[in-house]
Amino acid sequence: GDPRHVFTTLSRAHRHGNADQPLHFYVHESNMVEVARHVLLLAILMTDDLPPTDRMERFLEVFMNATVRDSTAELVERHARWLEASVGAVFAGEANAPGAATHPA
């Protein structure tokens, strides 16, 4: 799978002044690992705790499956824990559980 269409839509919405309007994406993949990878890559790009250039570098490290820096590995681990907790809460019927909708920025 390739999440580039989601990223393109987000960037175009931001560029055309629709950044405040909520967008809903439906990603259909036969493999849940691919869905998790899409969410992880999106989380890396959307985090606010890094400058845009750093976000892009880390995104490319993960997207290209390159050898990652220790700091990027820590970032991936943090996002992965959030993703695991969120997905677990949804499957347990706790969609409004703490941390299910909020991302650790």
Side-chain angles (χ1 to χ4, degrees):
D2 187 347
R4 67 183 159 172
H5 301 297
V6 173
F7 302 143
T8 301
T9 301
L10 287 171
S11 65
R12 286 182 181 163
H14 182 74
R15 187 179 330 139
H16 295 292
N18 298 329
D20 296 333
Q21 185 177 2
L23 296 172
H24 301 275
F25 293 97
Y26 300 91
V27 178
H28 297 279
E29 290 282 350
S30 59
N31 185 343
M32 286 305 294
V33 172
E34 289 296 320
V35 174
R37 186 169 187 260
H38 293 336
V39 173
L40 174 64
L41 290 170
L42 184 61
I44 290 170
L45 282 179
M46 301 301 288
T47 188
D48 289 336
D49 61 343
L50 297 171
T53 303
D54 288 348
R55 281 184 269 168
M56 184 52 62
E57 287 176 3
R58 290 169 191 236
F59 169 83
L60 289 173
E61 284 181 62
V62 174
F63 184 73
M64 302 303 283
N65 296 317
T67 302
V68 296
R69 297 174 281 181
D70 289 340
S71 59
T72 301
E74 291 171 9
L75 179 71
V76 168
E77 287 176 21
R78 188 179 71 199
H79 289 302
R81 284 191 301 272
W82 166 78
L83 181 60
E84 182 180 24
S86 297
V87 171
V90 169
F91 280 112
E94 303 167 1
N96 295 325
T102 57
H103 185 272

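Quick note: numbers below take in every heavy atom, side chains included, and nothing from hydrogens, waters or symmetry partners.
- The existence of a salt bridge linking D49 and R78 is confirmed by a sub-4.0 Å separation between a basic side-chain nitrogen and an acidic carboxylate oxygen.
- In N31, the CG atom is crowded: over 12 heavy atoms of neighbouring residues, nucleotides or ligands sit closer than 6.0 Å.
- Note that CE of M56 is 12.5 Å distant from CD of E61, once rounded to the nearest 0.5 Å.
- With a 4.5 Å cut-off on side-chain heavy atoms, F7 and H5 do not count as touching.
- With contacts defined as side-chain heavy-atom distances shorter than 4.5 Å, the pair R69/E57 qualifies.
- In the hydrophobic clustering of this structure, L23 groups with L41; members are Ile, Leu, Val, Met, Phe, Trp, Tyr whose side-chain heavy atoms approach within less than 4.5 Å, directly or through other members.
- Under the 4.5 Å side-chain contact rule for hydrophobic residues, V33 and F59 do not share a cluster.
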Exercise. How far apart are the C-alpha atoms of T47 and R58, what are their side-chain angles, what is the distance that settles it, and do they pass the side-chain hydrogen bond (donor to acceptor under 3.5 Å, both in side chains) test?
Worked result: CA-CA 11 Å; T47 188; R58 290 169 191 236; over 6 Å; no
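- R37 CZ to L42 CG: the interatomic distance, rounded to the nearest 0.5 Å, is 13.0 Å.
- Using a 4.5 Å heavy-atom threshold, the side chains of F63 and L40 count as separate.
- Note that the NE2 atom of H79 and the CD atom of E84 stand 15.0 Å from one another [nearest 0.5 Å].
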For this session: Applying side chain to side chain contact (heavy atoms under 4.5 Å, CB included), run through R55 and M46 and close with a yes or a no.
Result: CA-CA 8 Å; R55 281 184 269 168; M46 301 301 288; 6.0 Å; no
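- Here the OG1 atom belonging to T72 is positioned 10.5 Å from the CG atom belonging to L60, to the nearest 0.5 angstrom.
- For CZ of R12, the number of neighbouring non-hydrogen atoms (other residues, nucleotides, ligands) closer than 6.0 Å is 12 at most.
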